[in-house]
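Have a look at the structure below, then the notes.
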Amino acid sequence: MNWYEHLYMGEKAKKNRYAILQGLREERWQPEVYVIMPPENGNNILEILPSAMLHAFPRQRQEGLVIGVAVTYWEALEVARGIVDDLYRKTGGFCLGDLIEGMAYGHTEQQSGPDSRKKRVVRGEVC
């Protein structure tokens, strides 16, 4: 699991930051903890998952990038809203790859066809 260098944290999550992050690293059961990640498919901007889902399918989530952490689902919604607000304010669009630019998570690939520019690919989504 990779961590976004400017990790977004909810207010309740900030109070127990060390314990929550250590629990996620050690794959401990934390029923009220939610993580915010880029989506598996290209139809969404973000994905909110209970922390237990990270450990249920570890091979699928091993290379995932955690962008935010929250203690309750409602707090996770607030953190996700903050991420989308920052995304739009900083990039003028909704391509998550532009916000996390410079991380190894997003990579560029050559597109074939008449418009053969390099485009960023984040988990299958072309931005």
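- Annotation: the span from I36 atom CD1 to Y4 atom OH amounts to 13.0 Å, rounded to 0.5 Å.
- Annotation: side-chain contact (heavy atoms from CB on, under 4.5 Å) contacts of R81 (sequence neighbours excluded): D85.
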Please tabulate, for side-chain N and O atoms in residues 6-20, each donor-acceptor pair with protein atoms closer than 3.5 Å (sequence neighbours left out).
| residue | atom | partner | partner atom | Å |
| --- | --- | --- | --- | --- |
| Y8 | OH | D86 | OD2 | 2.8 |

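- Within the 4.5 Å cutoff, no side-chain heavy atoms of L24 are placed close to those of V66.
- Separation of atoms CZ (F94) and CG (N44) is listed at 13.5 Å; rounding is to 0.5 Å.
- Side-chain contact between M37 and L65 is absent, with no heavy-atom pair separated by less than 4.5 Å.
- Qualifying side-chain contact (heavy atoms from CB on, under 4.5 Å) partners for Y73, counting only residues two or more places apart in sequence or in other chains: Y34, I48, L77.
- By the 4.5 Å heavy-atom criterion applied to side chains, P38 and I67 are counted as neighbours.
- Of all heavy-atom pairs between I45 and L96, the closest is O-CD2, 3.6 Å.
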